[in-house]
Amino acid sequence: MIEQIRNQARKLLEDGDVDVVIGYAEGSDPARTTPVFIRKAEDVDKLIYDPRCINSLPLYLNKRHEYTRKGWKKTAIIGKGCDIRAIVQLIAENQLKRDEIYILGVPCEGQVSHPEKWDGSLHDGNRASKCIGCDVMTPHETDFFPGDKPDVDRSNPYEVTSPKVANLMELELDKRFAFWRTDFDRCFKCYACREVCPHCSCNVCITDETTPSWIDPAAHKKGVFSWHLTRAMHLVGRCTGCGECTRACPMDIQVDLFNQRMKEVVQESYSYKPGYSLEDKHPLITYQVDDREDFIK
Amino acid sequence: MGKKIEIHDFEPKIMAFVCKWCTYSGADLAGTSRMDYSPNVRMVRLPCSGRIDPQFMIKAFEQGADGVIISGCHPGDCHYNEGNYYARRRNTTFRQLMDFNGIDIERIEFSWISAAEAIKWTEVIDAFTEKVRELGRHPQYNDDIVDPYAQFLVQKEQESA
């Protein structure tokens, strides 16, 4: 499979169809892989793909990153299903044009949840929770795909894969608050969850603004709560569920629980699934006259 | 004449983010008509209910508000045609987010109040103030944050007394 991807990448680079191929290469230790930017055809043999390739590459297509300002006309990117969802969402939000991107789709059998859990094979003990119930193991939007692409039914509603979301919803209100309170107590505001997110595309993040200072910059609970609520609110209906925020968190705070819950809400209220359509409008920038308003007095 | 003034143990702080075309004018009408309503509410006038960013509400709770009211024109009456429809969608999701975070969504009130509905405004404010008073103080995120300087001042005061 990876041979076909390499051959295609080599062909693209030799013909000058693309300026760069973004993919994965062997990392600093056997359990890790690292993102690579390949610009010469002779380097394509570096490319690999296996369950250790957990990084979300569409991050490098986001306009807030310097890579997009290097003057590359066309970028080829190796995408597993969940990454292609993020690319599709970026295109739907006009952050990217479809013809700037060449998507090399890969068939995926699931990813490990964290490099530390890699023991040579993928099994139920180390599989990431987002891979359970995944409907894009055969990617939906590709320019090149090794082998035949079977038809997959993707009309099912979004599935919450982390059991914690349902467990939290069953708890009493004050217990839920206490849960977040203890979790957020560990947060020291490194903003790794922001840096790793393919959809945080503001040029100046609201936390970095000082006049006025909307979110208390100190890492005490006041500022931490505001930050996580703001972050979750900005990603309502946009998060494609790559789970990178939780993986990147150095304090093991499950920040993507918010995103999973909000995906569920958006699916229930507006039957919108982010990352599946290039044209559908994001639910919060459009409206229906007969939207639900059971909470309004 | 007016209402009898009652003294309570707890006076909630309530922020109101209102649309200037409908609710602000409605509140203005309530004032010029000499209607009584609960003085716990602090109003912020905004051009439209679609201008009310969830950030305002997050900030209000961060700064110690016990309840937040969002109010604007009835659907179809928006001065900018569609602002309140966006506000409605935004608040549907925002309420669920606050609920998931463990904050009682009874503390966030959304209401359509037109410029003529001064009576509705007074009723909404009175009922909401009563509700928040029963709910008590908002479980603030900063309960266990103790300002060392404030602590020092308190200590000094106690020593001198």
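Throughout, a chain's letter reflects where its sequence line sits, starting with A, and its residues are numbered from 1. Computed from heavy atoms alone, side chains included, the values below leave out hydrogens, waters and symmetry copies.
Within 6.0 Å of NZ on B/K13 lie no more than 12 heavy atoms contributed by other residues, nucleotides or ligands. Heavy-atom neighbours of B/I105 CD1 from other residues, nucleotides or ligands within 6.0 Å: above the threshold of 12. Shown here is A/N156, whose CG atom has more than 12 heavy atoms of other residues, nucleotides or ligands within 6.0 Å. In this structure, A/K117 places its NZ atom where only 12 or fewer heavy-atom neighbours from other residues, nucleotides or ligands lie under 6.0 Å away. Annotation for B/R51: atom CZ does not count as buried by contact number, only 12 or fewer foreign heavy atoms lying within 6.0 Å.
Note that CZ of A/F225 and CD1 of B/I103 are 6.5 Å apart. Values are rounded to the nearest 0.5 Å. If you take OG on A/S213 and NZ on B/K59, they are separated by 5.0 Å, rounding to the nearest 0.5 Å.
Side-chain atoms of B/R90 and A/V236, non-hydrogen and from C-beta on, never get closer than 4.5 Å to each other. Using a 4.5 Å heavy-atom cutoff, the side chains of A/K221 and B/E62 are not in contact. No side-chain heavy atom of B/F100 sits under 4.5 Å from any side-chain heavy atom of A/V265. Considering only heavy atoms from C-beta on, A/I206 comes within 4.5 Å of B/Q55 through its side chain. When side chains are defined from C-beta on, A/I215 does not count as touching B/I58, because their heavy atoms never get closer than 4.5 Å.
Annotation: residues 106-115 of chain B contacts chain A through B/E109, B/F110, B/S111, B/W112 [non-hydrogen atoms, separation under 4.5 Å]. Contacts of residues 284-297 of chain A with chain B at a heavy-atom distance below 4.5 Å involve A/L284, A/I285, A/T286, A/Y287, A/Q288, A/V289, A/D290, A/D291, A/R292, A/E293, A/F295, A/I296, A/K297, listed in sequence order.
The closest donor-acceptor contact from the side chain of A/K175 to the backbone of B/G102 lies at 3.5 Å or more, if one exists at all.
When every heavy atom of A/Y270 is checked against every heavy atom of B/T93, the shortest pair comes out as CE1-CG2, 4.3 Å. Heavy-atom minimum distance, A/P283 versus B/R89: O-NH1, 2.7 Å.
When heavy atoms are compared at a cutoff of 4.5 Å, B/N91 approaches chain A by way of both its backbone and its side chain. Looking at A/W214, the atoms closer than 4.5 Å to chain B (heavy atoms on both sides) sit in the backbone and in the side chain alike.
If you tally non-hydrogen atom pairs under 4.5 Å between each of A/D216, A/V266, A/L168 and chain B, the highest count goes to A/D216.
No option in A/M262, A/H228, A/R261 other than A/M262 meets the side chain to side chain contact (heavy atoms under 4.5 Å, CB included) test with B/L97.
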